[in-house]
Structures are given as structure tokens and as C-alpha cells.
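Below is one structure, written out as C-alpha cells; comments come after it.
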Amino acid sequence: MQVDILSSLTAAQREAATHIDGPLLMLAGPGSGKTRVVTHRIAYMLKEGIQARNILALTFTNKAAEEMKLRIDRLIPGQNLWMGTFHSFCARLLRQYGNLVGLADNFSILDTKDSKKALQSATDEARIDLSHTSIDTVLWEISNAKSNLRTSQEYERESASKFSGVSEVTRQIYPVYERFLLRSNAVDFDDLLLHVAVMLRDNQQLRHDLDQRYKYIMVDEYQDTNLAQYAIVRALSLSNQNLSVTGDPDQSIYAWRGASISNILEFEKDYPEARVVRLEQNYRSTKRILRAADDLIANNKQRKQKELFTNNGEGEPVKLVCFPHPNDEADAIAARIASEVERGSRSLRDYAVFYRVNAFSRPLEHAMMKQGIPYQVVRGLEFFQRKEVKDLLSYLQLINNPSNDVAFQRVVNLPARGIGKTSLQHIINHAQRYQLTMLEACREAGLIESLSKRAATAINKFVTLIDVLTVSIHMPVSELLVDVVEQTGYGDFVDAQDAKADEDRRGNVDELINAAREFEREMNESTLEAFLEHVALVSDVDDLDIDPDRVTLMTMHAAKGLEFPSVFVVGVEHGIIPHERSLEDAAAEEEERRLLFVGITRAEQQLQLSYCQRRTYRGQTRIASPSQFLYELPRDEMECHIPAGGLSAVSLGGLGSQYELEADFIENLNSDFDVDQTLVNNREDDNPESQIPVPLEDIAAQLQTAAQLVGKKRAAKRDAASFHSGMQVLHNDYGIGLILAITGKGAKRTATVKFANHQERKFRLAFAPLTPVNDSGDD
DNA sequence: TATTATCCAATTTTT
DNA sequence: TTGGATAATA
């Protein structure tokens with residue numbers, strides 16, 4: 001039987017799969033069959049007689065956990081193995097032992113938005129002045145602190161010497177926020193981990209018990225663990241060092257969220273006994289794709305050297321294509337997919353398009369729709385973020401946990417029931433004065449003098465409403481939900497809105513009720529509490545179905561762990577990948593490179609990277625230039641459809657000659673250049689929505705001509721001191737503009753520039769990122 | 001108090 | 001362009 005399980009593994013894989021006792025580090029490159037090894041290893045352990053209940057397997061996504069469970073079940077059916085995310089594991093522990101950190105077992109889990117609301121409330125309550133920081137910054141700072149195992153006290157101590165605005169404000173707010181959450185019997189995502197880590201640290205008995213219980217621990221994507229997760233894993237594997245972790249430092253893309261890559265890099269220090277297995281053979285991609293990935297990632301300095309190889313064929317050349325505009329980019333991709341599918345060489349599910357920011361899905365969606373290509377957009381939390389859904393869930397939260405003030409505030413006047421801002425403020429004051437939760441304060445509405453009689457009545461009605469609903473707390477969630485929709489008046493409210501604005505909010509409501517029904521059907525434990533936990537810890541991504549025959553659109557972050565026969569990466573542009581916010585920080589830039597590496601290595605057979613000359617983003621069209629990462633690819637063996645002169649004609653980051661590509665654009669300065677037809681002139685229709693997709697080859701050909709047309713028009717020198725009115729200039733952020741006037745002298749010399757979007761701005765010539773666009777040939 | 005207008009800021013986001 | 005958060009108004 002063992003032979004069955006191991007026979008399909010290679011030597012290296014088998015070595016990892018049969019290493020049961022003692023620490024194990026599996027460095028697994030992309031496409032190296034990691035999941036296969038992990039699942040086979042577990043199956044092997046079970047066969048060897050290890051109890052399923054002694055195994056703890058931690059993943060980052062529910063999807064990954066499900067996938068593994070499924071595959072193990074295929075190898076050894078009928079084992080009841082617990083597998084899940086760090087967060088759900090911690091939530092489960094906290095339900096049991098939460099009292100150790102001051103949580104009742106019906107605590108609520110706040111999502112990021114709720115956390116922000118909580119933080120805002122806490123800040124208001126304590127009358128803390130945010131001065132120059134924003135609530136987002138502080139939330140971020142606290143989240144970071146929590147990921148790094150710092151409670152408010154530790155933060156205070158640790159940051160005592162820091163005098164930046166953020167840390168000063170955070171020092172004040174963090175303890176208040178902490179108290180606010182405890183009082184609300186609620187945790188944010190970071191708390192789930194932090195509380196458990198603290199609990200394990202301060203409670204040796206518990207630590208020991210759990211250590212005994214979970215004798216074999218497995219962690220997937222170890223490169224993405226943060227300090228809190230590290231501490232939890234460490235605490236659970238002290239007595240029994242049967243810890244196996246898998247990961248790939250080159251695929252660490254969540255450092256920005258507190259993941260610390262050093263966890264995996266220093267595993268061998270933490271566990272000197274560790275066996276290290278490297279899985280470097282790639283079974284996924286063609287040689288060419290792998291070489292592109294390898295060349296790219298080789299530019300990272302902070303890196304464990306790794307040798308990727310594959311026995312797969314050379315494959316087609318990787319494509320690099322430049323387009324005038326994202327609409328063309330999207331059209332060309334849609335057209336190619338359509339034609340290949342038409343030809344029968346592939347099906348839609350073989351294709352994925354990746355981008356750096358979610359907003360880039362828009363032109364792609366347009367193009368797919370135009371072409372009638374079925375597609376699915378994978379977006380993190382779309383469903384559970386919708387207003388209707390959040391509103392209704394807040395009612396459920398409040399019923400489940402009456403202390404949840406965030407939920408309370410969300411629903412108290414929704415639909416409007418005459419409890420406005422002023423009344424609410426009175427309630428808040430009262431609650432604060434007597435240390436009550438808001439719902440408790442409402443129960444004393446009659447005692448609050450400042451409240452008008454009318455308001456007091458409205459509040460009493462609300463309290464009664466919640467009390468009545470609470471009676472049904474043990475009913476199936478879907479029925480409770482139906483009750484909520486009807487009795488709170490929310491259903492009518494939504495219907496009224498739909499009628500007025502021609503929307504389908506009701507549809508979302510129904511969808512949520514359906515989700516509840518499905519939950520009842522699938523889960524053996526379908527209490528309200530379980531449902532709320534489920535929706536808090538499961539995202540839409542998790543039930544991403546690759547099965548339906550559709551093209552998949554998603555961010556590169558979301559793509560991790562997936563693979564597709566044919567992959568497009570769009571918008572490989574400077575300031576996009578790497579993202580502009582990463583430009584100053586070398587470490588952040590390396591992470592961006594890893595991100596592109598992840599994108600590239602998802603591809604099995606076909607890969608196309610593309611960038612545009614202009615990009616419409618946030619309502620503004622701007623000049624775009626190729627990403628510096630494109631220079632690091634093996635372009636000589638790739639198929640490049642880029643303007644004459646190639647990438648190198650566009651100077652990196654600098655503005656010097658990048659608008660060489662843009663000369664036609666510049667010429668259109670004084671005309672309305674919303675739709676620039678110069679490059680794509682086979683369009684017959686002025687309406688951008690209904691334009692005919694341009695075959696990729698044609699666009700490439702046209703680009704060449706356009707570039708030739710542009711010919712002599714060269715960029716002026718950057719240091720040109722001779723700005724004058726009537727002159728065309730290029731601004732880093734605003735694009736091309738016309739100097740209307742010049743005033744002042746010396747350092748104060750100021751230009752008034754009118755930009756393409758008809759905005760006028762003034763710039764000090766001494767510092768403004770302005771470059772003259774000179775048509776007098778200066779070569 | 002409730003609706004409407006205006007302004008502002010804007011990655012990625014396993015949970 | 002979008003959404004969210006305030007400010008202005010009926």
C-alpha cells in the first residue's frame with residue numbers, strides 16, 4: 001500500500017514525503033509538485049498509523065486547505081483530518097480558551113472595514129486628535145504592530161523613542177482601540193493570531209497541552225508567515241519538533257502585510273536538526289517560460305540561490321507586446337483568445353489574464369463582453385463587501401453578540417427610523433459615562449435626559465426589535481435572516497431603493513439568504529455563530545471555480561498557487577509593476593519582482609507580457625512607459641512586438657525620450673484627444689465602446705509605422721532652462737501641457753501650465769518635474 | 001433628520 | 001473613474 005502512495009514520486013519528492021519525525025524544510029520552486037508531496041506525505045503518515053487528530057495542517061487560504069483535503073481523501077478516503085487557515089484555527093482555539101484573554105465565546109470577528117469603524121469610534125470617544133495622520137495610517141500601524149506580536153503596551157515601550165506623527169498618535173490610540181474591541185467582545189483579523197500567540201506565551205499549561213495534541217504540524221506557504229504566526233507555530237512545536245514547512249522565498253509577496261521572509265530563510269537556525277529538501281524541477285512550464293522567470297528573479301539580491309529546471313519542451317517563444325492603449329491591449333487579448341478557441345486549440349478555461357491592480361480589469365471586461373467571451377473576475381471579497389450583505393450581517397452580528405458596537409452603529413438607523421446623529425451621540429455619551437455597550441445604553445433611553453421623547457421612543461422600538469429577533473437566535477440561520485429582512489423593514493427599504501434607482505440590491509439580499517441555506521446544508525454545525533465565523537473568514541476567492549469554461553481575470557496576488565496553460569500579464573509598466581509606491585524601497589522593489597515572477601510562473605505553455613504607451617487610470621489618460629523588469633527578460637529569445645527602437649528607446653524612469661512614442665499624442669494637444677485614433681486608424685467608429693478589435697499583428701505593424709512617422713521628433717534636453725510661454729511641456733504626473741504664462745524670476749520663476757484635461761496648474765520651474773517638449777530638432 | 005452636493009484620495013489584501 | 005466621508009440643503 002505504501003508503494004502506491006510513494007511510487008509516483010521522484011526521489012527528492014519521496015525524500016520529503018517520508019520524512020516524518022523532526023523538522024523539515026521543503027524549498028519548493030514554482031510548479032515543482034509541492035502540493036502533491038504534502039498530500040502524499042500526509043497520506044503516508046496516516047498509513048504509518050499516525051492519528052489524524054494529531055496532525056495540524058495550516059494554510060493561508062481556505063481554497064488551499066480544501067484542495068489538500070480533497071486530494072488526501074482521494075489517496076486515503078474517510079480520514080477526518082482537520083485542515084484550515086491560520087485564522088480559522090485560531091478562531092477555533094479562541095472560542096474555547098478566549099476567556100484567557102478576556103473574550104466571551106460569542107465574540108465577533110471584524111473585517112477590515114469594521115475594524116476601521118471601530119478604530120474611528122475609539123478615536124472619537126477618546127477625543128484623540130489625528131493631527132496629520134489618517135485613520136488608515138494608524139490602522140495600518142496597529143495592524144503591523146499586531147502582526148509583529150506587539151500589544152499596545154509593547155508598542156508603547158518599543159516605539160517610545162520614535163517621534164514620528166504616526167507612532168505618537170498610534171501610541172495614544174492603540175490602547176483605546178484594544179479596550180474598545182474587548183468591550184465589544186470583538187477581534188480584528190490580526191487579533192485572532194495575536195491573542196492566540198499571547199495565550200500560548202503566557203500559559204505554559206495550555207501551550208504544553210496543545211503541543212501534545214498537535215504532534216505533527218505542517219505549514220504551507222511558510223514564506224508568507226508573519227511573526228505572530230511564527231510564534232504560534234513555534235509554541236506548538238517545542239516539545240515535539242515534528243514541524244514541516246513548505247515554501248519558496250522567491251514567491252514571498254506579502255511582506256507588505258507583515259509577512260517576514262526571514263522565517264523561512266532562518267528555519268535552519270531555528271531548527272538545527274532540520275532536514276532540507278529542495279524541489280527544483282518544474283513540471284509546469286516550458287523551458288522558455290521558465291528561463292524568462294529565472295532571468296527575472298536572478299536580479300533580486302536578497303535571495304537564496306536556486307536552480308530551476310524542467311524536462312518540458314522549449315515551447316513557444318514568450319511574447320512581449322506594446323499597445324497604444326489598454327483598450328487595444330484588451331481587445332487584442334480578447335481577439336486572440338476568441339480565435340484560438342474558435343480554432344479549437346484551447347478552451348476558455350485555459351486562459352488567465354493577470355494584472356497588478358484590480359482597476360485594470362475594466363478594459364479587459366469590456367473587451368470580453370464585446371467579443372462575447374465568457375469570463376470571471378476573481379476579486380477578493382466582492383460579495384461580502386456589498387452594502388446590503390454587510391448591513392444584514394451586522395444585524396446578525398448584533399443578535400449574536402449584543403456588545404458589538406460596530407454592528408450596532410451600522411444598523412441602528414438602517415432603514416431610517418428616526419435615530420439620527422445627535423440622538424446617537426447622546427447614546428454614545430451615556431454608554432461611555434456608565435461603561436455600557438451601546439445596546440445596553442439604549443435600554444436606558446428613558447433615563448437619558450438629553451434625548452427627545454420622540455428619539456427615546458424610536459430607540460425603545462429598536463431595542464424591542466432586536467430583542468424579538470434574538471428570540472429566534474437558535475433557528476436556522478436562513479430563517480433568522482428572512483426574519484431580519486422582514487421585521488427590520490430592511491427588505492422594504494431595499495425594494496424601494498431598487499424601484500427608484502433601477503438596481504438589484506434585493507438580488508444581493510436573496511443571494512445572502514441562499515448562501516445561508518447552502519451553509520446549513522453543507523456544514524454539520526450550522527449555528528449562527530458558525531455562520532458568522534464562516535463569512536468572516538471565507539472570501540469569494542475561495543470558491544473560485546476553475547471548472548466553468550471561462551477566461552479568468554485576476555491580480556497576480558490572487559494567482560498564487562494556480563496555473564493556466566495560457567497566461568497574459570497586462571500593464572507591465574513603470575509605476576505599475578513595480579508599483580510607484582515601491583520605487584523608493586529596494587526591498588519593496590524586489591517584492592514587486594517576485595510578484596511578476598509569480599505571475600510568469602503560473603503559465604504552462606503560453607505567456608504574453610504587455611504594456612501600453614498610454615494608460616487611462618483614475619479617469620485620466622497618461623503616458624506610460626515599460627517596466628524596468630522587462631529589461632531583465634531574455635528578449636533575444638522572445639517574440640517582441642514593440643515600437644521600432646525597442647524598449648531601450650524609452651529611457652528608464654527618466655522622461656528624456658519616453659514621449660518619443662508620444663509625438664503623435666503631443667501633436668494632438670490642442671485638439672480633443674480623448675480618443676486618439678492616430679495609431680489605430682483602422683477604426684471606423686468614433687465610439688470607443690463599439691470599436692472593432694484590432695488583431696495583434698496589425699497593431700504591432702501600425703506601431704512600427706507610427707514610430708517611423710514620429711521619426712525625427714526628439715525630446716528636448718531635460719535641463720533646458722529656456723521655458724517660455726506657448727511651449728509644450730511634459731509633467732511627471734499630469735502629462736503633457738501648454739505653458740500659458742511665466743511669472744517671477746530666479747527661484748520663484750513660475751509657469752502656469754494648462755494640461756490636457758483642461759486643468760491649470762502653477763509650478764516653480766526650479767523644482768517642478770517639467771520637461772520641455774521641443775520641436776526644434778536637438779539631437 | 002434625511003437627502004443631496006462636494007471634495008478627496010486612490011496597491012496588492014490569503015484572513 | 002470610483003467610493004467614502006463630510007458639508008450643505010430642504
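Note: hydrogens, waters and symmetry copies are ignored here, and every other heavy atom, side chains too, is used. Every chain is numbered from 1, with letters handed out A, B, ... down the list of sequences.
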How long is the line joining [atom1] of [X] and [atom2] of [N], in whole Å?
X         : N       : atom1 : atom2 : result
Asp190(A) : dT13(B) : CG    : P     : 17 Å
Glu221(A) : dT13(B) : CD    : C1'   : 15 Å
His557(A) : dT14(B) : NE2   : P     : 10 Å
Ile135(A) : dA9(B)  : CD1   : C1'   : 16 Å
Leu58(A)  : dT15(B) : CG    : P     : 13 Å
His195(A) : dT15(B) : NE2   : C1'   : 15 Å
His325(A) : dT1(C)  : NE2   : P     : 12 Å
Asp111(A) : dT13(B) : CG    : C1'   : 12 Å

Side chain of [X], heavy atoms from C-beta onward: which of [options] has the nearest atom to it?
X         : options                   : answer
Thr422(A) : dA2(B), dT1(B), dT14(B)   : dT1(B)
Leu537(A) : dT11(B), dA2(B), dT15(B)  : dT15(B)
Ala558(A) : dA2(B), dT13(B), dT11(B)  : dT13(B)
Asn62(A)  : dT13(B), dT15(B), dA2(B)  : dT15(B)
Asp224(A) : dT14(B), dT11(B), dT13(B) : dT14(B)

- Residues, nucleotides or ligands: over 12 heavy atoms within 6.0 Å of Arg362(A) CZ: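 Open.
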Tell me what [X] touches on the nucleic acid: a base, only sugar-phosphate, or nothing, going by heavy atoms under 4.0 Å.
X         : value
Gly619(A) : base
Phe86(A)  : nothing
Gly561(A) : nothing
Ser423(A) : sugar-phosphate

Presence of [X] side-chain N/O under 4.0 Å of [N] phosphate oxygens OP1/OP2:
X         : N       : result
Asn358(A) : dT11(B) : no
Arg92(A)  : dT15(B) : no
Asn226(A) : dT15(B) : no
Thr616(A) : dT1(C)  : no
Ser134(A) : dA9(B)  : no
Ser88(A)  : dT15(B) : no

Pair [X] + [Y]: basic N to acidic O under 4.0 Å:
X         : Y         : result
Glu329(A) : Arg615(A) : yes
Lys34(A)  : Asp248(A) : no
Lys69(A)  : Glu66(A)  : yes

- Task: Examine distances only and state if a side-chain atom of Asn144(A) and a backbone atom of Arg257(A) form a donor-acceptor pair shorter than 3.5 Å.
- Result: no
- Message: I'd like to check the side-chain contact (heavy atoms from CB on, under 4.5 Å) partners of Glu67(A); sequence neighbours left out, ordered by chain and number.
- Response: Arg71(A)
- Task: Kindly say whether, by distance alone, the side chain of Arg581(A) makes a donor-acceptor pair under 3.5 Å with the base of dT11(B)?
- Result: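 Result: no qualifying N/O pair found.
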- Item | Donor/acceptor link under 3.5 angstrom from Arg257(A) side chain onto base of dT13(B) |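 Counting by modelled atom types and ignoring angles, a donor-acceptor contact under 3.5 Å is found here.
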- Message: I need the single residue from Thr151(A), Asp190(A), Asp188(A) that forms a side chain to side chain donor-acceptor pair (under 3.5 Å) with Lys146(A). Which is it?
- Response: Asp188(A)
- What about the rings of Tyr611(A) and Phe629(A), do their centers lie closer together than 6.0 Å?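 No; Phe629(A) has its ring centre 6.0 Å or more from that of Tyr611(A).
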Every protein N/O lying under 3.5 Å from an N/O of nucleotides 2-4 of chain C:
from, atom 1, to, atom 2, distance (Å)
dT2(C), OP1, Arg362(A), NH1, 3.4
dG4(C), OP1, Lys113(A), NZ, 3.4

- Task: Nearest-nucleotide wise, let me know which of Gly418(A) and Arg356(A) is further upstream toward the 5' end of DNA chain B.
- Result: Gly418(A)
- Hey, which sits more toward the 5' end of DNA chain B by its nearest nucleotide, Ile576(A) or Phe189(A)? Ile576(A)
Could you list the donor-acceptor pairs under 3.5 angstrom formed by side chains in residues 553-560 of chain A, with sequence neighbours left out?
from, atom 1, to, atom 2, distance (Å)
Thr555(A), OG1, Ala558(A), N, 3.1
His557(A), NE2, Ile253(A), O, 3.4
Lys560(A), NZ, Asp224(A), OD2, 2.2

- Query: Is His579(A) stacked on the base of dT11(B) when the test is centres under 5.5 angstrom and planes under 30 degrees?
  - Reply: yes
- Centroid distance under 5.5 Å and plane angle under 30°, Trp256(A) vs dT12(B): yes
